[in-house]
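Here's the structure, in structure tokens; my notes come after.
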Amino acid sequence: MDESSLELQKADDELLNLLDVFVEYQQLQEAINGGLKRGYFDLAVAKRTAGYRWISPDMYSGRAQAIATVAVDEASGTITYTRRTPTVANNADKSEQSGGLRKRGAKAKTVNNDEKNENDVRKVSDDPLLWFGMLVPPALKDAQTQFTTTLDQLVRLADLKQQLAHKLDALNITLP
Amino acid sequence: MSQAVHKNRTLIAAIGDEDTVTGLLLAGIGDVDAHQRANFVVVDSKTTQEQIEEAFTSFTKRKDVAIVLINQHIADDIRGILDEYSAAFPTVLEIPSKDHPYDPTKDSVLKRVQLLFGD
């Protein structure tokens with residue numbers, strides 16, 4: 001009798017736990033819907049300000065490296081959001097360094113090679129905001145902030161979905 | 001072997017309309033690997049169902065993708081293979097787009113929880 005009571009108690013606890021996770025899942029889903037809505041609005045304002053041509057797939061970088069990634073825990077299958085700071089690299093301007101070109105009026109210039117090479121080396125960031133130009137409209141920055149926040153929530157939602165799937169599998173609840 | 005696979009799963013892939021993919025790229029998910037494989041696909045009016053299915057299949061087969069984000073209205077176009085997909089990773093999440101709000105009745109998790117309570 002005690003054993004069956006304990007089993008029932010355990011089943012009740014698991015069911016309550018599942019419902020708690022499900023409530024959190026639904027609340028997070030609503031928050032994500034609102035966040036995406038705001039992000040889409042900011043993006044629309046940015047496109048209107050900067051022009052649709054400047055904020056389009058044509059501006060996507062072909063050398064993109066992910067800044068926002070996830071870490072999957074091997075044992076539990078949980079998903080954690082990770083984000084690195086956009087890196088800034090030196091990108092030397094090779095055209096200025098090419099020799100062999102006759103430069104007109106070179107006598108009037110006193111060329112300091114060190115200063116010239118330093119000026120030619122440009123800082124390049126892999127922040128995706130810069131794909132759309134150096135001077136982007138404020139609305140695009142707002143959109144980036146909003147989508148970044150929402151992405152964090154999406155990763156959390158994916159984690160909750162995993163948890164719910166495991167709990168439902170344990171209860172043998174499958175769709176027909 | 002499965003543990004090593006999970007260690008490599010770090011990317012978030014996206015299949016969506018232009019605004020969705022642009023927004024997610026701004027958030028930093030964009031990645032193009034050494035073989036020029038991008039982890040994002042923009043779906044427009046000219047994209048065929050076969051192309052969407054191919055993108056979904058390729059992302060779900062990749063060992064470096066942990067999550068696939070897909071607009072729900074695009075997911076409806078490939079609902080068949082989406083419903084058949086049951087792997088734990090990559091996890092597939094359906095998200096609303098600018099013109100198509102989220103429909104919770106199509107959420108697979110919600111359906112299973114409703115089944116639990118006999119709805």
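The sequence lines fix the lettering, A, B, ..., with proteins before strands; numbering per chain opens at 1.
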Starting from [Y], can I reach [X] by hopping between I/L/V/M/F/W/Y residues whose side chains sit under 4.5 Å apart?
| X | Y | value |
| --- | --- | --- |
| A:L157 | A:L36 | yes |
| A:V21 | A:V155 | yes |
| B:I29 | B:F56 | no |
| B:V92 | B:L69 | no |
| B:L93 | B:V65 | no |

Which atoms of [X] come close to chain A, meaning under 4.5 Å heavy atom to heavy atom: side chain ones, backbone ones, both, or neither?
| X | answer |
| --- | --- |
| B:T20 | both |
| B:L110 | both |
| B:I67 | side chain |

Can you find a heavy atom in the side chain of B:R9 that is under 4.5 Å from one in the side chain of A:V70? no
Using salt bridge (Lys or Arg N to Asp or Glu O under 4.0 Å) as the criterion, list what pairs up with A:R156, not counting sequence neighbours.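 Only A:E24, A:D159 meet the salt bridge (Lys or Arg N to Asp or Glu O under 4.0 Å) criterion with A:R156.
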[X] portion near chain B, given a 4.5 angstrom heavy-atom threshold:
| X | value |
| --- | --- |
| A:F41 | neither |
| A:L15 | side chain |
| A:L154 | both |
| A:L19 | side chain |

Dump the intermediate steps for side-chain contact (heavy atoms from CB on, under 4.5 Å) on A:T82 and B:T10, then the final yes or no. CA-CA 9 Å; A:T82 59; B:T10 60; over 6 Å; no
Sequence neighbours left out, what passes side chain to side chain contact (heavy atoms under 4.5 Å, CB included) with A:Q144? Give chain and number order. A:D127, A:P128, A:L129, A:T148, B:L26
Polar contact flag, side-chain donor to acceptor under 3.5 angstrom, A:Y60-B:T22: yes
Are a donor atom and an acceptor atom from the side chains of B:E18 and A:S56 found within less than 3.5 Å of each other? no
Would you compute the distance between atom [atom1] of [X] and atom [atom2] of [Y] and round it to the nearest 0.5 angstrom?
| X | Y | atom1 | atom2 | answer |
| --- | --- | --- | --- | --- |
| B:D19 | A:F147 | CG | CZ | 7.0 Å |
| B:R112 | A:L164 | CZ | CG | 9.0 Å |
| B:L25 | A:I67 | CG | CD1 | 10.5 Å |
| B:Y102 | A:I32 | OH | CD1 | 9.0 Å |
| A:L168 | B:K111 | CG | NZ | 14.0 Å |
| A:Q29 | B:I95 | CD | CD1 | 9.5 Å |

For chain B, the option from [options] that forms the most heavy-atom pairs under 4.5 Å:
| options | value |
| --- | --- |
| A:W131, A:Y40, A:F132, A:Y25 | A:Y40 |
| A:M59, A:Q65, A:R84, A:K167 | A:Q65 |
| A:A165, A:A66, A:G62 | A:A66 |
| A:H166, A:R83, A:Q146 | A:R83 |

Heavy-atom pairs under 4.5 Å with chain A are the metric here; pick the option from B:G28, B:S86, B:A38 that has the most.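 Most pairs with chain A among the choices: B:G28.
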Who among B:P104, B:P101, B:S97 has the most heavy-atom pairs with chain A under 4.5 Å?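 The answer is B:S97.
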[X] [atom1]: over 12 foreign heavy atoms closer than 6.0 Å:
| X | atom1 | value |
| --- | --- | --- |
| B:R37 | CZ | yes |
| B:Q49 | CD | yes |
| B:Q51 | CD | yes |

A:Q162 side chain to B:T91 main-chain N or O, any donor-acceptor pair under 3.5 Å? no
Lys/Arg N to Asp/Glu carboxylate O, B:D107 vs A:K161, below 4.0 Å: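 A salt bridge is absent here (no side-chain N lies under 4.0 Å from a carboxylate O).
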Decide salt bridge (Lys or Arg N to Asp or Glu O under 4.0 Å) for B:D33 and A:R63; before the verdict, give the C-alpha distance in whole Å, the side-chain angles of both, and the deciding distance to 0.1 Å. CA-CA 8 Å; B:D33 66 11; A:R63 292 178 291 180; over 6 Å; no
Assess whether side-chain contact (heavy atoms from CB on, under 4.5 Å) is satisfied between B:V109 and A:F22, documenting all intermediate values. CA-CA 9 Å; B:V109 170; A:F22 182 64; 4.3 Å; yes
What are the two closest non-hydrogen atoms of A:L151 and B:A27, and how far apart are they?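 Smallest interatomic distance, heavy atoms only, reads CD2-CB, 3.9 Å.
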